[in-house]
Protein chains: 2
Amino acid sequence: MLAATFVMQPEVQTVSYDTPQPRNAAADLLARRCGTGQLRIFEAKDHVFREGDPVSNVYLVEAGHVCIYRTLADGRRHVIDFAYPGDIVGLGAIGEHANNAQATARSRVRCLPIAALQQAIREDGRLGLKLCEALSRELIASRELLFTVSQRTAGERLASFLIGLSRRNERNGADRSEFVLPMTRADIADFLGLTIETVSRTFTKLRGDGMIDLAQSVLVTITDYDGLSALAEGRSK
Amino acid sequence: MLAATFVMQPEVQTVSYDTPQPRNAAADLLARRCGTGQLRIFEAKDHVFREGDPVSNVYLVEAGHVCIYRTLADGRRHVIDFAYPGDIVGLGAIGEHANNAQATARSRVRCLPIAALQQAIREDGRLGLKLCEALSRELIASRELLFTVSQRTAGERLASFLIGLSRRNERNGADRSEFVLPMTRADIADFLGLTIETVSRTFTKLRGDGMIDLAQSVLVTITDYDGLSALAEGRSK
DNA sequence: CGCGGGCTGTTACACATTCTCACAATCTAG
DNA sequence: CTAGATTGTGAGAATGTGTAACAGCCCGCG
């Protein structure tokens with residue numbers, strides 16, 4: 001776990017792979033009710049599911065990182081979310097998946113058959129209530145991102161993104177001011193609605209402004225947390 | 001109902017107020033299970049609920065239009081959705097509302113007490129399942145909008161917005177190529193992540209390109225549906 | 001009935017941000 | 001060690017913004 005402090009790329013993946021952190025009440029309940037789900041390992045770049053696949057399972061990320069994205073007719077790509085350990089993937093789909101889910105690093109994922117889940121909900125309304133809450137949380141997150149992307153500058157978007165990662169890390173018991181990005185610049189760009197060039201330049205600018213440090217391109221150290229979160233929340237300038 | 005063809009502002013409101021169109025399975029089920037909910041009328045600009053209000057009800061729009069929005073610390077506003085007859089409002093909230101809901105025209109709204117709803121879910125898992133589906137649909141819509149806003153030009157955003165309204169109208173049994181906008185330019189701007197000036201300019205441009213006609217600023221006629229939807233889906237250029 | 005204020009919508013122009021394209025530098029896998 | 005992928009940087013182009021002026025409409029008031 002401490003490996004993260006003298007990190008190299010292969011170890012980065014090992015770190016997150018070795019530190020599962022379920023943190024979400026719905027996920028817990030799900031795990032208890034459906035603990036029998038099959039456990040699967042996905043290598044980096046493997047797909048958990050793809051657009052058009054019938055919805056057969058709901059997935060609980062136990063270790064690693066999964067990137068949820070859509071591709072458009074004209075080739076553009078849109079990243080919807082990055083799932084961390086404890087996150088549920090594939091919940092919002094109806095009938096067939098509208099999104100792709102791709103492991104960005106070696107990941108351990110529990111597969112809960114959707115039929116069993118629906119049966120469990122019918123039998124126990126409280127589970128349905130929990131899932132409604134989980135979906136509500138996703139909805140809130142989605143709207144938060146919507147706002148971030150629609151109303152903010154590149155600097156504010158990236159700051160907000162980094163603060164979000166920092167919070168996730170903190171909640172999972174890791175360091176809030178130093179962490180490894182489990183995704184590429186292209187993933188970040190497609191998540192924030194920017195180009196990779198702008199993401200790269202904005203990273204450089206944040207470093208120049210003394211907000212962050214980048215020992216390697218994937219290793220972020222937040223050196224001015226208050227400044228960064230002020231920027232993220234539009235309280236600066 | 002035909003009033004829409006020789007429309008004036010006060011009548012516009014009457015039109016939508018007089019044509020309730022529930023269309024959503026979850027809403028139907030909700031109405032059947034909780035049909036006892038109190039019916040309330042909101043005048044234009046009245047708030048159904050505000051940020052910070054405790055979540056006491058879920059609301060079913062029966063007639064009129066409700067605008068869901070958030071305001072930010074720095075005064076910026078972000079419109080999340082426009083609820084039409086048959087839409088459910090206030091579902092995704094936990095504990096207290098994070099959003100405001102404001103009628104843009106005189107509206108009739110059924111209030112379903114949240115406690116009763118939760119009790120009904122606990123007792124009947126199928127209702128929970130339906131609500132999960134309704135939430136999933138909202139999530140999908142939110143992600144669609146997220147993509148629209150993050151990756152598209154002003155013209156594409158507005159085209160996509162108009163096609164969306166057109167589809168909604170068609171589904172509700174109204175004309176797909178001529179309709180009245182129940183919201184102001186400012187609402188549209190805050191929804192699409194643009195300024196009112198850009199929205200106005202883009203309307204003018206779409207009219208210049210022969211895609212739409214604007215007899216009045218609130219009365220849209222789609223004169224080239226295929227062209228507009230090509231633009232909306234990024235299939236043009 | 002006419003006047004004036006307030007709100008919404010439209011348009012023009014200078015400006016800022018982000019994108020596109022091109023290429024160098026760096027890292028990674030085989 | 002080499003080939004391919006990823007990241008970083010610069011210059012000019014495109015897109016959207018902010019400011020400001022103005023028109024149209026509604027409403028209240030005298």
Side-chain angles (χ1 to χ4, degrees), chain A residues 7-13 43-45 67 74-77 102 104-106 148-159 180-190 192-208 212-220 231 234 237, chain B residues 7-13 44-45 67 74-77 104-105 148-159 180-208 212-220 231 234 237:
Chain A
V7 70
M8 285 178 307
Q9 195 57 337
E11 296 196 351
V12 170
Q13 302 183 351
E43 298 299 328
K45 311 219 166 167
C67 170
D74 57 6
R76 283 179 289 189
R77 195 178 68 130
Q102 181 183 35
T104 62
R106 176 167 238 254
T148 295
V149 162
S150 68
Q151 314 255 350
R152 313 190 109 136
T153 66
E156 290 172 334
R157 292 187 212 184
L158 191 56
V180 168
L181 299 175
M183 71 292 283
T184 67
R185 295 287 187 271
D187 293 332
I188 299 174
D190 291 341
L192 296 178
L194 300 167
T195 58
I196 50 176
E197 295 94 330
T198 300
V199 170
S200 185
R201 274 188 275 259
T202 308
F203 264 116
T204 305
K205 181 164 189 308
L206 288 182
R207 188 174 50 184
I212 61 169
D213 202 30
L214 282 171
Q216 299 166 49
S217 65
V218 294
L219 178 58
V220 175
L231 182 58
K237 197 177 12 175
Chain B
V7 70
M8 286 179 305
Q9 196 59 334
E11 297 196 351
V12 170
Q13 304 182 351
K45 311 218 166 168
C67 170
D74 57 6
R76 283 180 289 191
R77 194 178 69 128
T104 62
T148 295
V149 163
S150 68
Q151 314 257 348
R152 312 190 110 137
T153 65
E156 290 172 334
R157 292 187 211 184
L158 191 56
V180 168
L181 299 175
M183 71 290 282
T184 68
R185 295 287 187 270
D187 293 332
I188 299 174
D190 290 341
F191 183 64
L192 296 177
L194 300 166
T195 59
I196 50 175
E197 295 92 334
T198 301
V199 169
S200 185
R201 275 185 285 256
T202 308
F203 264 116
T204 305
K205 180 164 188 309
L206 289 182
R207 189 175 50 184
I212 62 170
D213 202 33
L214 282 170
Q216 298 167 50
S217 64
V218 294
L219 178 58
V220 174
L231 182 59
K237 196 178 12 173

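Per chain, numbering begins at 1; letters A, B, ... match sequence-line order.
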Rounded to whole Å, please give me the gap between CG in B:Leu158 and C1' in C:dG9.
14 Å
Salt bridge flag under 4.0 Å for residues A:Asp187 and A:Arg77:
yes
With a non-hydrogen cut-off below 4.0 angstrom, is B:Thr184 in contact with a base, only sugar-phosphate, or nothing?
sugar-phosphate
Whole angstrom is fine here: how far is it from CD1 in A:Ile196 over to P in D:dG10?
16 Å
Base, sugar-phosphate or nothing for B:Thr195? Non-hydrogen atoms, less than 4.0 Å.
sugar-phosphate
Please state whether the base of D:dG10 and the side chain of A:Arg201 form at least one donor-acceptor pair under 3.5 Å?
yes
Determine whether any donor atom in the side chain of A:Glu197 lies under 3.5 Å from an acceptor atom in the base of C:dC21, or the reverse, and answer yes or no.
yes
Distance, rounded to the nearest Å, where A:Gln216 contributes CD and C:dC27 contributes P:
8 Å
Starting from P on D:dT9, measure out to CG on A:Leu206 and report it in whole angstrom.
13 Å
Is there side-chain contact between A:Val149 and A:Arg157, with heavy atoms separated by less than 4.5 Å?
yes
Using a heavy-atom cut-off of 4.0 Å across all strands, would you classify A:Leu194 as base, sugar-phosphate, or nothing?
sugar-phosphate
With a 4.0 Å cut-off on heavy atoms, is B:Gly155 in touch with a base, just the backbone sugar-phosphate, or nothing at all?
nothing
Testing B:Asp190, B:Thr195, B:Leu194 for side-chain contact (heavy atoms from CB on, under 4.5 Å) with B:Leu192, which one passes?
B:Leu194
Under the 3.5 angstrom rule, does the side chain of A:Thr104 hit a backbone N or O of A:Pro182 as a donor-acceptor pair?
yes
Is the closest side-chain heavy-atom distance between B:Leu219 and B:Leu214 below 4.5 Å?
no
With a cut-off of less than 4.0 Å, is there a side-chain N or O of A:Thr204 near OP1 or OP2 of D:dG8?
no
Rounding to a whole Å, what distance do you find between A:Leu219:CG and C:dC27:P?
13 Å
Send over the distance from A:Asp187 CG to D:dT6 P, rounded to a whole Å.
9 Å
Rounded to the Å, how far apart are B:Lys205 NZ and D:dT15 P?
9 Å
Here's a test of your reading of the structure: between B:Arg185 and A:Arg157, which maps to the more 5' nucleotide of DNA chain C?
B:Arg185
When rounded to whole Å, the CZ to C1' distance for the pair A:Arg207 and D:dT9 reads 12 Å
Below the 4.0 Å mark, does C:dC19 have OP1 or OP2 next to a side-chain nitrogen or oxygen of A:Thr198?
yes
